*Asks:* 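First the structure, then my questions, so here it is.
Given the structure is predicted, the values throughout are model-derived calculations rather than measurements.
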Amino acid sequence: MAHAYSIVIADDHPLFRGALRQALSGFDADLTIDEAAAFEDVTRLLAERSDVDLVLLDLAMPGIKGFSGLMYLRAQYPAVPVVVVSANEDHGVMRRCIDFGASGFIPKSLGADLMRHAIQHVLNGGIWLPPELGRGADNDQETATLINRLTTLTPQQVRVLMMLTEGLLNKQIAYELGVSEATVKAHVSAILQKLDVESRTQAVIAASRIDIAAWQAGNGTLPALS
């Protein structure tokens with residue numbers, strides 16, 4: 001009897017969502033596939049459905065920046081594997097996706113057969129990366145420490161941190177999240193403590209490191225918070 005899986009394809013390009021659907025059609029399994037064109041659609045689907053087995057997530061789609069969407073999903077839905085499917089083939093970005101909790105990284109240039117193999121590997125409980133990349137150890141202790149700190153943030157704290165980077169005031173963040181300013185202040189205080197920084201400015205600097213461009217510009221390493 002064939003397995004049954006529920007998969008969410010999260011990508012803002014309808015042609016690529018169609019291409020992924022086509023790749024998945026070769027599975028020897030009963031698939032339920034939902035599509036999301038913006039990150040809010042992803043969170044809505046996951047809130048509505050308790051049976052999602054896998055999210056295929058593009059890093060560049062409306063509602064997220066850099067690794068923030070991946071961080072949010074791993075914090076909010078830790079039991080749901082997330083595989084990043086991206087046109088960005090920078091090796092540093094691939095490794096950081098795994099560091100932030102992804103179960104795999106599939107380049108969009110990969111052929112359909114290899115995509116199916118990678119997805120099946122993750123559904124079987126594994127972690128998949130392009131063979132040429134491997135999973136070498138990270139010798140940059142400062143970067144590893146930052147990643148560990150960022151991954152301790154709760155889903156709401158991730159959202160607050162992203163809004164801080166956009167320059168929003170506490171009252172604006174409170175409005176967007178539908179909470180009180182006191183609640184936002186509490187989140188900000190918790191963020192500062194978890195990131196081991198002393199000010200909102202330093203927290204914003206830390207958050208800016210979630211921008212993929214920062215990782216590529218620095219060849220996968222980041223400057224100090226000072």
Side-chain angles (χ1 to χ4, degrees), residues 8 10-13 36-48 52 55-78 80 82 84-86 88 92-93 96-102 142-218 222-226:
V8 174
D11 195 294
D12 60 331
H13 292 93
F39 192 68
E40 64 179 359
D41 299 327
V42 182
T43 57
R44 175 181 53 79
L45 283 167
L46 290 174
E48 293 174 351
V52 174
V55 175
L56 301 175
L57 177 71
D58 187 10
L59 288 175
M61 64 186 306
I64 57 176
K65 181 180 181 181
F67 302 105
S68 62
L70 173 59
M71 288 174 56
Y72 180 88
L73 292 182
R74 297 307 300 135
Q76 182 70 32
Y77 302 100
V80 180
V82 178
V84 173
V85 185
S86 177
N88 189 321
V93 170
R96 295 310 163 208
C97 285
I98 303 303
D99 291 338
F100 281 114
E142 184 180 354
T143 297
T145 299
L146 173 64
I147 291 171
N148 288 336
R149 288 172 180 166
L150 287 167
T151 55
T152 66
L153 299 179
T154 68
Q156 199 77 320
Q157 288 164 3
V158 172
R159 296 178 69 186
V160 170
L161 186 56
M162 291 303 97
M163 291 179 184
L164 289 177
T165 67
E166 295 169 7
L168 272 63
L169 302 174
N170 284 356
K171 63 180 180 180
Q172 295 171 309
I173 296 174
Y175 175 79
E176 291 291 333
L177 297 181
V179 298
S180 68
E181 283 191 56
T183 297
V184 173
K185 290 178 181 178
H187 282 313
V188 172
S189 295
I191 289 168
L192 298 185
Q193 182 177 15
K194 288 184 176 182
L195 297 186
D196 192 27
V197 297
E198 298 179 354
S199 69
R200 292 166 67 107
T201 299
Q202 288 184 325
V204 168
I205 293 172
S208 69
R209 300 173 177 191
I210 303 171
D211 188 341
I212 288 170
W215 293 90
Q216 292 176 310
L222 299 170
L225 274 174
S226 58

*Asks:* In terms of side-chain geometry, is the basic nitrogen of E48 or R44 positioned less than 4.0 Å from the acidic oxygen of its partner?
*Replies:* yes
*Asks:* To the closest 0.5 Å, what do you measure between CZ (R149) and CD (Q193)?
*Replies:* 11.5 Å
*Asks:* Is there a side-chain contact between Y77 and V55 in this structure, where contact means two heavy atoms from C-beta onward sitting under 4.5 Å apart?
*Replies:* no
*Asks:* Is there a side-chain contact (heavy atoms from CB on, under 4.5 Å) between L195 and L161 once you walk through the steps?
*Replies:* CA-CA 11 Å; L195 297 186; L161 186 56; 4.3 Å; yes
*Asks:* To the nearest 0.5 Å, how far apart are CG in L70 and CZ in F39?
*Replies:* 8.5 Å
*Asks:* Here's a test for you: under side-chain hydrogen bond (donor to acceptor under 3.5 Å, both in side chains), which of K185, R200, H187 qualifies with N170?
*Replies:* R200
*Asks:* What pair of heavy atoms forms the shortest contact from A203 to V197, and how long is it?
*Replies:* N-CG2, 4.0 Å
*Asks:* Where is the tightest heavy-atom contact between V42 and A36, given as atom of each residue plus distance?
*Replies:* CG2-CB, 3.6 Å
*Asks:* Taking everything shown except Q172 itself, do over 12 heavy atoms lie less than 6.0 Å from its CD?
*Replies:* yes
*Asks:* For a 4.5 angstrom cut-off between non-hydrogen side-chain atoms, does K194 reach L153?
*Replies:* yes
*Asks:* Is V160 close to E176 at the side-chain level, that is, under 4.5 Å between some pair of heavy atoms?
*Replies:* no
*Asks:* Could you tell me the separation between the CD1 atom of I191 and the CG atom of D196, rounded to the nearest 0.5 Å?
*Replies:* 14.0 Å
*Asks:* Looking at every non-hydrogen atom in both residues, tell me the closest pair between L57 and G69 and how far apart they are.
*Replies:* CD2-C, 4.3 Å
*Asks:* Going by the side chain to side chain contact (heavy atoms under 4.5 Å, CB included) test, name the single residue among L56, D58, L59 that passes it with D11.
*Replies:* D58
*Asks:* Nearest 0.5 Å, what's the CE-CG distance between M71 and D99?
*Replies:* 12.0 Å
*Asks:* Of all residues at least two apart in sequence or in a different chain, which pass the side-chain hydrogen bond (donor to acceptor under 3.5 Å, both in side chains) check with T183?
*Replies:* S180
*Asks:* If you round to the nearest 0.5 Å, how far is CG of L73 from CG of L46?
*Replies:* 6.5 Å
*Asks:* Hey, does F67 have a side-chain heavy atom less than 4.5 Å from the side chain of R96?
*Replies:* yes
*Asks:* So which heavy atom on G101 is nearest to which on R74, and how close?
*Replies:* O-NE, 2.9 Å
*Asks:* Write down the atom of V204, the atom of L164, and the distance for their closest heavy-atom approach.
*Replies:* CG2-O, 3.7 Å
*Asks:* Please name the pair of heavy atoms, one in D12 and one in A60, separated by the smallest distance, quoted to 0.1 Å.
*Replies:* OD1-O, 3.4 Å
*Asks:* So V84 and I98, do their side chains get closer than 4.5 Å, heavy atoms only?
*Replies:* no
*Asks:* Do L177 and R159 have side chains that approach each other closer than 4.5 Å (heavy atoms only, starting at C-beta)?
*Replies:* yes
*Asks:* To the nearest 0.5 Å, how far apart are CD1 in I173 and CD in E166?
*Replies:* 8.5 Å
*Asks:* Starting from the C-alpha separation in whole Å, work towards a yes-or-no answer on side-chain contact (heavy atoms from CB on, under 4.5 Å) for V179 and Q156.
*Replies:* CA-CA 11 Å; V179 298; Q156 199 77 320; 4.2 Å; yes
